[in-house]
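One-based numbering along the sequence shown.
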Amino acid sequence: MLTFRALGPFQACHGGDPVDLGGQRQMAVLARLLVAGGRAVPVSMLIDELWPGEPPAQALSTVQGYVSRLRRALEPGRAPREEAEVLVSAPPGYALRAAPDQVDTWTFERAVKATGEPAEVWERLGRALALWRGPALAEFSDLQWAATEAGRLEELRLVAVERRADAGLRLGQSGALVADLEAHASAHPLREEAWRLLALALYRSGRQGDALGALRRARALLREELGLDLGPTLQRLESDMLVQAAHLDLPSAPPAAEKAHEAREVREVRDATDAATSTASGASASSAETSGPRTLRVVVADDQALVRTGLRVVLDSEPGFQLVAEAEDGERAIAAVRETSPDVVLMDIQMPRLDGLTAARRILADDAPPKVIMMTTFGTDDNLYAALRAGVSGFVLKTSAPEQLISAMRAAQAGDALIDPAVTTRLIAAFAGRADPSVPPALAGLGDTDLDLMKLVARGLTNRQIAATLSVPEHSVAQSVTRLLDHLGLHDRAQLVVAAYESGLVNPGGPGR
């Protein structure tokens with residue numbers, strides 16, 4: 001079988017044996033026809049592209065001679081007057097006739113552009129990348145058409161590397177991919193997809209600190225080289241990592257034949273769990289403790305029925321949560337809390353009759369109050385800062401993913417405070433430039449460890465998340481935060497966040513910085 005190779009040293013082979021294609025310019029004729037992908041290339045274009053600027057006087061006859069010799073080399077058994085079947089005449093020029101699997105570049109491109117399940121993509125792109133034996137069309141790098149095509153093929157190669165890595169991550173091969181992705185990101189530091197894959201591979205390998213470090217490196221490189229910040233995809237990934245969003249922990253995909261059965265089993269187990277929860281109200285506390293974490297009882301307060309419905313769906317579908325009451329204004333929220341004694345209150349900051357901020361203050365002033373998490377649509381309300389000072393256990397955007405809402409409630413119940421990174425940024429940006437006498441003018445005297453801790457607090461991490469990120473005990477983080485507040489003469493975590501932004505330690509221009 002006759003094959004053509006351009007992904008490395010340019011060759012044509014008969015049954016694996018290289019064909020003598022003649023000199024450099026004669027090979028260039030065949031390479032140019034290969035680049036055309038089977039389409040005809042006019043002779044005039046061949047001449048202009050083989051001899052840019054100054055073609056020789058006998059250029060036409062020279063090209064014809066090249067074609068004649070190439071035909072004999074490619075089809076040695078063809079009779080003298082028999083029509084060529086490979087390098088054919090296609091007025092006003094010539095064309096290369098070959099099947100896609102005869103040309104490595106055609107095979108490669110088709111493999112990269114095909115779709116499929118992760119396992120299929122992993123295998124197919126592995127075979128496709130194995131076709132590369134070196135830089136494409138390197139012998140003709142001084143010719144513009146070859147340089148352009150080589151650049152296009154190299155971009156396809158990088159896409160193939162990244163698509164295969166993405167498939168590998170979906171198949172649960174995170175640990176094995178880290179080294180290759182580290183090399184890929186280092187070699188191509190301006191490719192945001194390379195950094196996304198590396199950070200995700202590190203995160204799923206249990207290296208959360210390294211994952212966030214990779215995104216910091218990406219931000220620094222982009223700023224230094226282009227004066228740009230991370231794109232939206234990397235910003236969202238960083239925010240999700242900071243709150244340990246559940247969707248980042250993608251398990252290995254089960255075999256296709258088991259997917260439907262597994263999904264059905266999950267639904268059945270969830271239904272059984274919900275049914276058991278609803279019928280076990282008379283069980284003793286000790287029984288509840290031995291059977292797993294107790295159910296968190298939640299009150300939702302929002303004046304928009306659509307928002308309450310959406311939150312009801314989220315809570316109903318999440319094991320371990322029970323919606324015990326709904327309220328459409330602050331006054332009814334206070335009554336519902338005192339009637340049901342919930343663990344957590346999701347409270348809209350802006351409501352009629354009695355706003356969420358006032359209601360939160362009254363609820364938190366009671367004996368043994370529940371945790372209160374404020375909800376906001378845009379995160380730009382002036383009441384956000386006052387709510388933090390009132391002692392709420394965090395903020396979430398109403399548009400947050402369900403995982404974010406669940407994480408906020410779990411963090412609140414555990415004694416932490418979760419502030420959505422997007423809310424944190426908008427909050428501090430709204431106060432940027434305002435004088436606050438309780439905020440120190442500088443952070444002189446703090447060591448690197450304290451500054452790192454302050455950055456993590458400002459980015460919205462809870463003590464538990466900071467502990468996981470820094471691989472230290474949670475109680476050590478709590479002690480360090482308290483010591484930091486005392487050192488700076490601040491009263492609470494909210495002031496620490498403000499101090500970090502107003503001192504310039506963290507940039508208020510975007511999430512997670």
For [Y], is there an ion pair with [X] - N to carboxylate O distance below 4.0 angstrom?
X: E238; Y: R219; result: yes
X: R410; Y: E318; result: yes
X: R152; Y: E155; result: no
X: E339; Y: R332; result: no
X: D166; Y: R170; result: yes
X: R196; Y: E192; result: no

Side chain [X], main chain [Y], donor-acceptor under 3.5 Å:
X: R163; Y: V121; result: no
X: D348; Y: M351; result: no
X: W132; Y: G8; result: no
X: R223; Y: D229; result: no
X: R308; Y: E328; result: no

So which heavy atom on [X] is nearest to which on [Y], and how close?
X: L315; Y: M409; value: CD2-CE, 3.5 Å
X: L364; Y: P370; value: CD2-O, 3.7 Å
X: A211; Y: A199; value: CB-O, 3.3 Å
X: L248; Y: L237; value: CD2-CD1, 3.8 Å
X: V372; Y: M374; value: CG1-SD, 3.8 Å

Does a side-chain heavy-atom distance below 4.5 Å link [X] with [Y]?
X: P189; Y: L221; result: yes
X: V298; Y: V324; result: no
X: F108; Y: L129; result: yes
X: M347; Y: V300; result: no
X: R217; Y: S186; result: yes
X: K371; Y: V345; result: no
X: L197; Y: E162; result: yes
X: L198; Y: H184; result: no

Checklist entry - Stepwise, does the side-chain contact (heavy atoms from CB on, under 4.5 Å) test hold for L200 with S174? => result CA-CA 8 Å; L200 194 54; S174 304; over 6 Å; no
Checklist outcome for this item: Sequence neighbours excluded, the answer for salt bridge (Lys or Arg N to Asp or Glu O under 4.0 Å) partners of R297 is none
Checklist entry - When you look at L405 and L311, which way does the side-chain contact (heavy atoms from CB on, under 4.5 Å) test go after all the steps? => result CA-CA 9 Å; L405 297 169; L311 292 172; 3.6 Å; yes
Item to check | Of L158, V112, L7, T148, the residue whose pairing with L153 passes side-chain contact (heavy atoms from CB on, under 4.5 Å) | outcome: L7
Next on the checklist: With side-chain contact (heavy atoms from CB on, under 4.5 Å) as the criterion, how do Y203 and Q244 come out once you've worked through the C-alpha distance, each side chain's angles and the decisive distance to 0.1 Å?
Outcome noted: CA-CA 9 Å; Y203 185 91; Q244 299 178 323; 3.6 Å; yes
Next on the checklist: According to salt bridge (Lys or Arg N to Asp or Glu O under 4.0 Å), does anything in residues 121-131 pair up with another residue at least two apart or in another chain? List the pairs.
Outcome noted: E120-R124
Next on the checklist: side-chain contact (heavy atoms from CB on, under 4.5 Å) for R191 and V159? Distances and angles first, verdict last.
Outcome noted: CA-CA 10 Å; R191 294 184 69 86; V159 169; 4.1 Å; yes
Item to check | L226 atom CG, neighbour heavy-atom count above 12 within 6.0 Å | outcome: yes
